[in-house]
Amino acid sequence: MVAKTMTGAIRGIDCVLICVEIDVSGGLPCMDMVGSLSSEVREAKERVRVALRNEGISLPPLRITVNMSPADLRKEGTAYDLPIAVALLEALEEIPAGTGAMYLIAGELGLSGEIKGVKGILPMVLAAKSQGIRTCIVPLENAREAAVIEGMEVIGTNHIHELLRFLRKEIDIQPVKMNARKMFEERCMEGYPDFADVAGQNFVKRAMVIAAAGFHNLLMIGPPGAGKTMTAKRLPSILTPISFEESMEVSKIYSVCGLLPKGEHMVMKRPFLSPHHTVSDTAMAGGGRDPRPGIISRAHKGVLFLDEIAHFSSKTLEILRQPLEDKELQISRVGGSHTFPAEFMLCAAMNPCPCGYYPDRTRCNCTPDMIEKYIGKISGPILDRIDLCVDVPAARPEDLKGKGVSSEEMRSSVIKAVELQRRRYEREEIRFNGQLTPKLMQKYVTLNAAQEKMMNDLYASMNMSLRGYHRLLKVARTIADLDEKEDIEEKHIMEAVCFRGVEDKYWRSGYESRKNI
């Protein structure tokens, strides 16, 4: 007799359904497991054997063969324990025939029979639903996460004894139900720090509003203690609230990584990730034998903040090139290639020199070569993908008087500009001005003769690249949207230029002026 159950194998951030088959026959007593299995999957036979024995079910002295198909797909993790146990119980006629094939089953078994939570439940349940499976059995720890998927019946259990009695129809376990959308709407803007705490720095706040409205990348440069990190941490508070559909995308990534917030079933707000500058390339991009998402993908639909960006290794920073351009990250390994989503806003901060006080020569003793080497760590291609550069001056005592503008006030203008973009690009695959391609810019960013001449003069005088030229127009388009203007005006272009002056100051013409120090 062959008994079957269904479970899932995580591939990247998606899931492939796995059929667990068990045959019990005469022969030399043993338990063989086949199907391209990792060591932790092979160890499942001992966990299952001891857990069932402690439940009073001893394995007979027969030949037991466990196969997991498709056999050429690598299986890793501990989520296979419970489906193996259920299929074995069916093969031993402890539960009715055909029971296991009715469910998607996943979970890790403890030696006492305890059922423990596992990673990747959300994509497993999504894959099961797409294949017509309507009921899943998961650890009680993962039940709320699985119940997020509408149209799925979720049975949560925390012990093999309880599950055995349920499968024998001796008890009834009520499915876990929840109104995920309603709970999400009530909590999606909780927990953000407020811009009202930031006194002064009005020019920086304006840059933040523009960045949030058009989903533009932003670089802040200023001395220590100017408030760069403080303002960056408040950037998510003025972004448009994450939608339920976006939350599901992000939650899927966090489920695979096992990083869903403790006690939560989904990601309720836009991610904000701030890795230390010692982060490794693999941690940033993701990887492993069976690749998992890294920090870049975990920032999907949110903000990736690189504090002291000049201290990150050049190799790590260059990883950002593809995701900043394509909004996705491709990882290739021996086992296959995976594409991870990476639609994030890059916010970076740095000092203008190693000591942090250039160009204040009363405090800065760095030589021109030291300054050049320091800021040169940000390569031209990376700098060319940053839409807004802003100087963050040291705070003054008079700035501490009064209260700054709140996040709610700033967010209201952002939401209006985003709504204009939503209507404008409703037939396109983009949603923000920061995502405009050169082809789409010809359609949606129109200039009159005087504006074209202005842009051509700026292109020549500021020594722009074509990417920089388009970047300037994208920012101008966002500023026009914040002013609720259908067409770009000269003042919008000139304001956009103000956010490029920092590049000229430090990178382009800065070295010639520093040589005379």
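Keep in mind it's a predicted model, so treat the numbers as computed, not measured.
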Item to check | Ring geometry between Phe166 and Tyr103 (parallel below 30°, tilted from 30 to 60°, perpendicular above 60°) | outcome: tilted

Next on the checklist: Using 30° and 60° as the class boundaries, would you call the ring planes of His161 and His159 parallel, tilted or perpendicular?
Outcome noted: perpendicular

Are [X] and [Y] close enough for a salt bridge, meaning some N to O gap below 4.0 Å?
X      : Y      : answer
Arg49  : Glu46  : yes
Asp481 : Lys416 : no
Arg53  : Glu55  : no
Asp32  : Arg63  : yes
Glu419 : Arg422 : yes
Glu343 : Arg431 : yes

Item to check | salt bridge (charged side-chain N to carboxylate O under 4.0 Å, His left out) between Glu325 and Arg321, intermediate numbers included | outcome: CA-CA 6 Å; Glu325 193 75 20; Arg321 282 202 198 187; over 6 Å; no

Next on the checklist: Looking only at side-chain N and O atoms, does Asn433 offer a donor or acceptor that is under 3.5 Å from a partner on Thr478?
Outcome noted: yes

Next on the checklist: Closer than 3.5 angstrom, by distance alone: can the side chain of Thr231 be matched with the main-chain N or O of Gly227 as a donor-acceptor pair?
Outcome noted: yes

Checklist outcome for this item: So CD of Glu94 and CG of Leu88: to nearest 0.5 Å the spacing works out to 9.0 Å

Checklist entry - Once you round to the nearest 0.5 Å, how far does CD of Gln322 lie from CD of Glu328? => result 6.5 Å

Item to check | Tyr192 six-ring face occupied by Lys269 cation (under 6.0 Å, within 45°) | outcome: yes

